[in-house]
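A short write-up of the structure that comes next.
Chain letters run A, B, ... following the sequence lines, proteins first and then strands; every chain starts at 1.
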Amino acid sequence: MATRRQFIRISAIGAGAVMAGAAGLKLLASDLTEGQKATLAALTGRTPTYCEVCFWKCAGWVYKDEKGSIKKIIGNNEDLNCNGRFCPRGTGGVGMYHDEDRLRTPLIRVEERGKQSFREATWEEAFDYISEKIKAISAEHGPECIALFTHGSGGKYFSTLLRALGSPHIAAPSYAQCRGPREVAFQATFGEALESPEPLDIRDTKCLVLIGSHLGENMHNGQVQEMSDAIDKGATIITVDPRFSTAAGKSKYWLPIKPATDLALLLAWINVIISEELYDKPYVEKYTYGFEYLKEHVKNMTPEWAYGITTIDPTVIRETAREMANASPAVIVHPGRHVTWYGDDTQRLRAVAILNALLGSWGRRGGFFRTETFELPEPPHPAYPTPKRTWRTEFPDLYKLADTVLANGVCDATVPDPSRNCKFQAWIVNGTNLMETLPNQENTLKAIQALQLLVVVDTMPMEITGWADVVLPECTYLERYDDLRVGPHRKPQIALRSPAAEPSHNTKPAFYMARELAKRLGVIEYFPFEKIEDQLDWQLKQVGSSLEEMKRTGVKTFDRTADNLYFYPDEDVEFYTATGKIELYSTALEEAGFDPMPKYTAHEEPPAGFYRLNYGRAPMHTFSRTSNNPNLTDLMDENSVWVNPRVAKEWGLSTGQYVHLVNQDGRKSEFPIRVRVTERIRWDSVYMVHGFGHQEKKLRRCYGKGASDTNLITKVLVDPVMGGTGMRGNFVTFITDLKGEEVIS
Amino acid sequence: MRYAMAVDTKKCVGCSDCVVACQTENNVPIGFCRDWVVEVMDGSYPQLEIELRSERCNHCSNAPCVRCCPTGASHIVEGGIVLVKPTRCIGCGACIASCPYDARYPHPKGYVDKCTFCIHRVKQGMKPACVAVCPTKCMYFGDLDDPNSDVSVILKKRKSKTLIPEAGTQPQLYFLI
């Protein structure tokens with residue numbers, strides 16, 4: 001695009017969209033084969049699915065009312081991820097289907113006299129437009145300059161498309177904006193990443209240690225369920241959090257730590273466990289490498305040393321370390337999930353991993369179990385072409401331990417930079433609202449302006465949609481098949497997602513979109529099945545099941561074929577590290593030029609009158625994707641900023657009042673946010689739930705309500721080990737005079 | 001037979017799943033609810049305590065809503081469940097005013113609505129939707145006259161309280177503390 005890309009509010013499209021939607025629906029119905037019509041007609045009673053509201057992917061049943069409309073979703077009793085119980089977001093998944101603000105028909109950006117807008121398009125037009133652009137970009141710059149950002153099941157098919165074209169650039173923000181440092185740290189220590197769902201044996205643990213992890217507000221279903229089981233069985237919970245979280249309220253010990261100092265506490269715990277000889281000696285001796293180095297490394301990191309940093313009483317540090325040791329090996333120092341905080345996150349998670357190793361919890365009942373993932377054959381297709389370039393070329397010698405494509409890396413490499421041979425020309429964004437996902441929105445916009453093509457695939461008009469050249473409206477997970485779920489668990493299990501209703505309006509599943517593009521781009525041989533149900537049936541038949549069986553059962557559980565859930569006594573275990581042992585001293589980190597053992601470094605503190613911006617989750621919302629869901633906004637329709645009463649007094653704030661927040665770089669919140677004065681937060685930080693403050697007017701229920709934390713995260717603390725984007729180094733202050741600005745509530 | 005429910009405040013995380021599950025099960029219109037979550041915080045930083053509980057109609061044995069109903073729409077059925085018959089209800093709101101728990105709401109269709117303990121499910125041998133969905137399994141339901149019911153067993157084992165007992169309504173919603 002020759003001119004600068006303008007943000008287009010989808011609301012600019014009036015009644016026409018509805019008409020096009022209706023026309024599209026007719027077209028869709030006529031597209032169906034007799035077999036498909038019969039299948040859809042037979043969709044009465046319950047239909048199996050797995051949830052897409054978060055990535056726990058619980059399997060459940062969709063029920064319809066007598067009029068054939070989707071009524072409720074209930075967990076599948078046989079599902080290992082949910083045990084028959086959905087979380088509020090999964091239960092409220094019906095709202096995603098019924099949301100009247102959904103995207104309805106494909107849109108293409110057009111320009112008339114300098115004014116850009118979207119025009120409604122047919123699917124054929126949209127596919128032709130995209131494929132022509134991709135062909136031209138590939139010819140001029142190579143297919144490697146096409147990137148995919150994905151955070152949704154449909155991403156699987158776009159990923160096949162990109163690989164088939166010869167691009168390795170498939171990025172998921174769930175890595176460098178979330179779990180990445182943890183995966184690298186556990187890989188470096190135990191030779192294995194944790195993945196999702198994490199192999200935590202919470203139900204049988206005697207001691208659960210949560211560090212900034214707010215289970216219960218963070219509604220990872222299986223873990224919340226097991227935490228409740230553990231409470232029933234009398235387990236000790238230790239919570240480390242500057243905020244009195246829900247989990248803190250269930251804890252025997254709450255350590256109200258000074259933010260950004262967690263690593264000092266972890267090192268002090270390691271110090272106590274080693275100096276008081278509380279570690280699992282036979283385990284450490286048999287399975288670990290580098291104990292003597294570690295002992296020497298932490299010898300001065302006493303609870304008294306940590307007290308000055310963390311503000312946690314040394315007696316409490318000792319007492320909690322002993323609690324952990326008493327429970328050993330049935331103890332879990334929880335690795336967390338969103339761990340990109342301060343830029344030294346891999347090292348902090350290394351300390352977590354080391355602590356677990358000393359307590360002997362890896363591979364033990366009540367600690368970390370050994371998962372098994374079901375191996376499902378992929379449909380046969382030719383080998384993918386070998387890419388000539390990767391994102392790493394743009395970042396020589398940086399983020400050496402990153403084992404996947406960095407979403408922020410692709411974004412940075414898209415921004416024109418004289419020092420960089422920038423080549424990214426096209427992005428396909430599937431199911432992730434990059435504007436709210438990547439920190440430093442200004443940078444993301446710079447990248448977007450440099451693109452020749454931006455395709456957004458989503459169910460809702462999110463902020464990223466307004467920057468697209470082409471918008472492809474995806475039907476919701478309740479209206480489509482997707483890949484079978486095969487995630488790791490105590491037993492191998494597969495789960496089916498099948499449509500409970502026809503796609504609404506003129507929406508389509510990602511499989512169809514990717515395949516249609518593959519056709520036009522000459523790589524159709526990578527999609528050997530025309531219909532996804534035939535592909536699923538083929539896959540299932542390879543493993544002795546069928547689509548027909550899975551439609552009846554929803555999930556299918558298999559016996560374990562590999563090793564036991566826990567280590568046998570004295571079992572000889574080979575860990576996938578260079579030494580074959582659990583590496584307390586990391587040879588991989590050392591080789592890459594990083595500290596082989598974690599060191600505490602002080603992080604910047606808020607200037608006077610500023611407070612550290614902390615953010616987290618509410619149990620009824622997932623990221624920014626649920627903010628407009630009618631059922632879930634009914635529970636919570638805006639976020640608030642939590643302020644300690646001492647701070648409130650200083651600023652004259654009271655609960656219910658609206659303020660603006662402004663950060664250290666002068667970035668002001670887009671909308672005012674409601675104040676919640678509460679004792680539950682420390683005086684040096686404020687807290688808000690992520691995912692609010694939407695700027696897209698078409699999201700009628702959530703537009704302008706609350707503030708976006710992402711908007712206030714302009715400073716990013718990048719983890720040198722793997723490129724994670726630390727987001728907790730931002731400080732905000734209050735603007736109490738709204739100057740008559742209207743509050744949307 | 002005497003149906004009752006117990007909610008474990010030690011396990012409830014206040015996620016509101018009970019609220020959504022009730023809404024979808026019972027077609028409760030958006031903007032209204034038959035059950036809800038309450039957070040009670042006590043203390044000052046860092047000496048804090050928090051109680052989370054899922055609340056709903058207490059299905060009182062001495063129900064003021066039934067006594068004050070001018071049309072007999074509010075009534076008690078077998079098992080002590082307090083119900084509203086929409087066809088008899090004139091929407092006068094006397095019951096809403098009389099309920100110390102604020103458990104009733106005016107349905108947009110003109111009648112007063114509230115928790116039924118999911119009697120339609122209970123009759124089929126299922127648990128109320130909120131109990132069945134709760135990820136923390138913090139809710140127990142059953143017949144107090146049956147010593148082996150989930151609710152009888154847990155009330156025997158644990159300390160519990162009711163809300164506003166001084167109102168004399170004899171509530172049948174217990175909170176494990």
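Contact record, A/Lys71 with B/Thr24: NZ-O, 3.0 Å, taken as the closest heavy-atom pair. Of all non-hydrogen atoms in B/Met41 and A/Thr678, the two that sit nearest each other are CE-OG1, 4.2 Å. Here the closest non-hydrogen pair linking B/Ser16 and A/Pro88 is C-CB, 4.2 Å. Heavy atoms only, all atoms of each residue included: A/Leu635 and B/Val20 are closest at CD1-CG2, 3.4 Å. For the residue pair A/Lys250 and B/Lys11, the shortest heavy atom distance occurs at NZ-C, 3.8 Å.
For a residue to count as touching a neighbouring chain, one of its non-hydrogen atoms must lie under 4.5 Å from one of that chain's; by this rule A/Asn631 touches chain B with backbone and side chain alike. With a 4.5 angstrom heavy-atom cutoff, A/Asn83 does not touch chain B via any of its atoms. Heavy atoms closer than 4.5 Å to chain B are found nowhere in A/Ile74, neither backbone nor side chain. Heavy-atom distances place both the backbone and the side chain of A/Arg682 under 4.5 Å from chain B. Residue A/Asp65: no heavy atom, backbone or side chain, is found under 4.5 Å from chain B. Looking at A/Thr633, neither its backbone nor its side chain comes within 4.5 Å of chain B, counting heavy atoms on both sides.
For residues 130-152 of chain B, the interface with chain A (any heavy-atom pair closer than 4.5 Å) comprises B/Val131, B/Ala132, B/Val133, B/Cys134, B/Pro135, B/Thr136, B/Lys137, B/Tyr140, sorted by residue number. Identified by a heavy-atom distance below 4.5 Å to chain A, the contributing residues of residues 47-78 of chain B are B/Leu48, B/Glu49, B/Ile50, B/Leu52, in residue-number order.
Although no hydrogens or angles enter the test, the distance criterion places no donor-acceptor pair under 3.5 Å between the side chain of A/Asp634 and the main chain of B/Ile30.
For B/Lys85, the NZ atom is loosely surrounded, since the number of other residues' heavy atoms within 6.0 Å does not exceed 12. Open room surrounds OH on A/Tyr307; 12 or fewer heavy atoms of other groups in view lie less than 6.0 Å from it. For B/Lys123, the NZ atom counts as loosely surrounded, since its 6.0 Å shell holds 12 or fewer non-hydrogen atoms of other residues, nucleotides or ligands.
B/Pro46 places none of its side-chain heavy atoms less than 4.5 Å from the side chain of A/Phe244. Between B/Gln23 and A/Thr91 there is no side-chain heavy-atom pair separated by less than 4.5 Å. Side-chain contact between A/Met219 and B/Val13 is present, with heavy atoms from C-beta onward closer than 4.5 Å.
For the set A/Cys82, A/Pro256, A/Ala247, the entry with the most heavy-atom pairs within less than 4.5 Å of chain B is A/Pro256. Top candidate by heavy-atom pairs under 4.5 Å with chain B, chosen from A/Met620, A/Gln225, A/Arg680, is A/Arg680.
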